[in-house]
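Throughout, a chain's letter reflects where its sequence line sits, starting with A, and its residues are numbered from 1. All values derive from a computational prediction rather than experimental measurement.
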Amino acid sequence: MAQPSVLTPQSDDFPRWYQDVVQKAEMADNGPVRGTMVIRPYGYAIWERIQRELDDRIKAAGAQNAYFPLFIPESYLHREAEHVEGFSPELAVVTHAGGDELAEPIVVRPTSETVIVEFMAKWIQSHRDLPLLLNQWANVVRWELRPRLFLRSSEFLWQEGHTAHASAEDASRYATLIHLEVYNDFLEQVLAVPTIVGIKPKSERFAGAVNTMTCEGMMRDGKALQLATSHELGQNFARAFNIVFQGDDGVSQHCHTTSWGASTRLVGGLIMSHGDDRGLRIPPRLAPWQVVVIAVRDDDEVTHGAREVARELLEAGVRSHLDSGRGSFGRRVTDWEIKGVPLRVEVGPRDLASGHITLVRRDSGEKITVERGEFVGRAREILDEMHDAFYADALAFRESRTTSVTSVDDALVAAQHGFARLDWDLVDEAAEARLKAEAVTVRCLVRRDGTLPQHEEEPNLVAYVAKSY
RNA sequence: CGGGGCGUAGCGCAGCUUGGUUAGCGCGCCUGCUUUGGGAGCAGGAGGUCCCGGGUUCGAAUCCCGGCGCCCCGACCA
């Protein structure tokens, strides 16, 4: 019965558990160059689901996809002082090409603000050209000192949105819309991860931004992970790249720009938000395969029965996968548990004879026996219920590890195992330095009612502090 | 880049202290048979630049010197 666990238990060594899951669920491998990542088919299927859900929401918010080059003239980076300062340490720079040294080095994009804004300047003349709402799906390179698969790799995949607006209010409104209706909606409604939606303090802001919003999630080890961010860039880039439009009053002025991104880090967030000692647990709306149909034996009758079951699920719009009966039953069950498929259907001679179907939930392990004729409907109901169960479970965990405190000392204690909430007024520069000395940072600032502040000078803000990835 | 750990078969490791047959073990892989309702069993088999370079020695996985790489913990970040 009690087998030695396949994975390192989370409580023994969380980072090790994470690596085990990534490996044994066949999500990814390390690439040959340090910090690079090979995303395997199962990991990529998850990413494709994430892409699909985000892309639909981005388009619903009015942005259009486009593509800008991987190579950026180094001089572009230098045009915005804070931007270049922020990214210089992690740039990969091409100095040679075509057998010669280049006159001007080329930077491999760490993010595309500079090229995209350069072209916005070319395309925007009039207020009638605004807002300009662009998004691209791309790879970017940031040379990482300490890489971890999905969480921090030197090359990663993401979407980066870039928009230009006539006024600061429009820019702010749009960045907030993206943040709430694209990112937070996806995180809660698809990834089933409850988030703290807030703004970054100045010390944690994106290089070149005037305001950075974040969705912070809590991982199963109590650490925070930034799952998505949206930036108001003010007129910083518009000035540096001369994006000027003529208003309806005939006056020329600089645009206000925004940028916003979410990356393959989300896959890491998925693993660490929901995973347990048996492996991954994928919330049903995200799962590439929502149901795996396991033929208990490798004989014609059972395999045929299982195939029928899988087919009926597919016809009902449930993403299902057939595991025909090769290999031992127990082994296959374990493998699918590691991969985190939400619902398992076991089809064997007994089920075929009795006219029943056995469903097993990955989240709770509960076995449910249903009539053959009703099982598709039941499966869909259970998948629906599971989304809420995933969310409630993650929320309960976060609440159990969030402590309200009234001093920086207490915050440091609480941050050893989770989030600490305290008045932002209590965190002056010296306090931030003290936190940082113990690897604790201010993750974000929120209003007392939990809503998103406009800026960090608002009175009565609450700070969430934690260790983070 | 600082602190710690480690490089031996695809993966995980033993062997190294005290140099000496043909370098082992578990898992995985291949073949066959028996199995299949919670990580299958038996039999046979394939698979190695012992991280790299140099040195000591009759002889080096083992000892010495120098590199490189990986992992964990920090500083930086999606």
Side-chain angles (χ1 to χ4, degrees), chain A residues 1-8 13-16 18-20 23-24 29-30 32-35 85-91 110-111 138-160 183 200 203-207 212 214-217 224-231 259-269 278-279 294-299 302-303 306 323-338 344-354 356 358 360 365 367 369 433 436-441 467-469:
Chain A
M1 284 290 282
Q3 308 284 343
S5 56
V6 180
L7 308 169
T8 306
D13 185 344
F14 195 85
R16 185 69 185 271
Y18 179 83
Q19 282 177 221
D20 285 358
Q23 238 268 40
K24 300 215 162 127
D29 262 332
N30 282 307
V33 172
R34 176 176 163 78
E85 192 186 327
F87 282 105
S88 285
E90 32 185 11
L91 291 180
T111 177
N139 57 338
V140 285
V141 168
R142 298 179 186 179
W143 218 251
E144 286 298 340
L145 304 176
R146 219 185 114 200
R148 289 184 80 185
L149 288 172
F150 292 115
L151 297 173
R152 229 182 354 243
S153 46
S154 287
E155 179 192 6
F156 58 89
L157 307 182
W158 77 348
Q159 109 346 266
E160 50 178 322
Y183 295 142
K200 288 290 187 186
S203 57
E204 301 284 324
R205 252 184 231 158
F206 177 75
T212 288
T214 177
C215 296
E216 296 285 325
L225 181 71
Q226 177 174 302
L227 292 157
T229 89
S230 310
H231 316 290
S259 69
W260 24 280
S263 72
T264 37
R265 171 176 279 188
L266 284 167
V267 179
R278 289 171 171 248
I294 299 188
V296 162
R297 285 188 195 172
D298 183 20
D299 67 44
V302 170
T303 304
D323 179 348
S324 51
R326 288 205 177 279
S328 81
F329 175 77
R331 176 52 182 266
R332 289 182 288 140
V333 165
T334 309
D335 285 346
W336 288 115
E337 282 178 344
I338 294 172
R344 185 169 85 233
V345 179
E346 300 174 354
V347 178
R350 295 209 291 268
D351 306 275
L352 295 174
S354 69
H356 290 97
T358 308
V360 186
K367 290 199 177 193
T369 301
K436 204 155 194 177
E438 298 199 33
V440 173
T441 50
K467 294 193 170 186
S468 71
Y469 281 94

Same-atom distance (C1') from B:G19 to B:C58, integer angstrom: 12 Å
What integer distance in Å separates A:Lys24:NZ from B:G10:C1'? 13 Å
Listed nucleotide nearest any side-chain atom of A:Arg331, set B:G37, B:A40, B:G38: B:A40
Note, A:Arg148 side chain near A:Arg265 side chain (heavy atom, < 4.5 Å): no
With respect to the phosphate group of B:A40, does any side-chain polar atom (N or O) of A:Ser328 fall under 4.0 Å of OP1 or OP2? yes
What's [X] touching, base or sugar-phosphate or nothing? Going by heavy atoms closer than 4.0 Å.
X       : result
A:Phe87 : nothing
A:Pro15 : sugar-phosphate
A:Gln19 : sugar-phosphate

Could you tell me whether the side chain of A:Ser263 has a donor or acceptor atom within less than 3.5 Å of a complementary atom in the base of B:A78? yes
For the base of B:G37, is there a side-chain donor-acceptor partner from A:Arg332 under 3.5 Å away? no
Let me confirm one number: the OH-SG distance from A:Tyr183 to A:Cys215, rounded to the nearest 0.5 Å. 9.0 Å
When you compare the ring of A:Phe156 with the six-membered ring of B:A78's base, are the centres less than 5.5 Å apart and the planes under 30° from each other? yes
Please check: side-chain N/O of A:Ser154 versus main-chain N/O of A:Glu144, any donor-acceptor pairing under 3.5 Å? yes
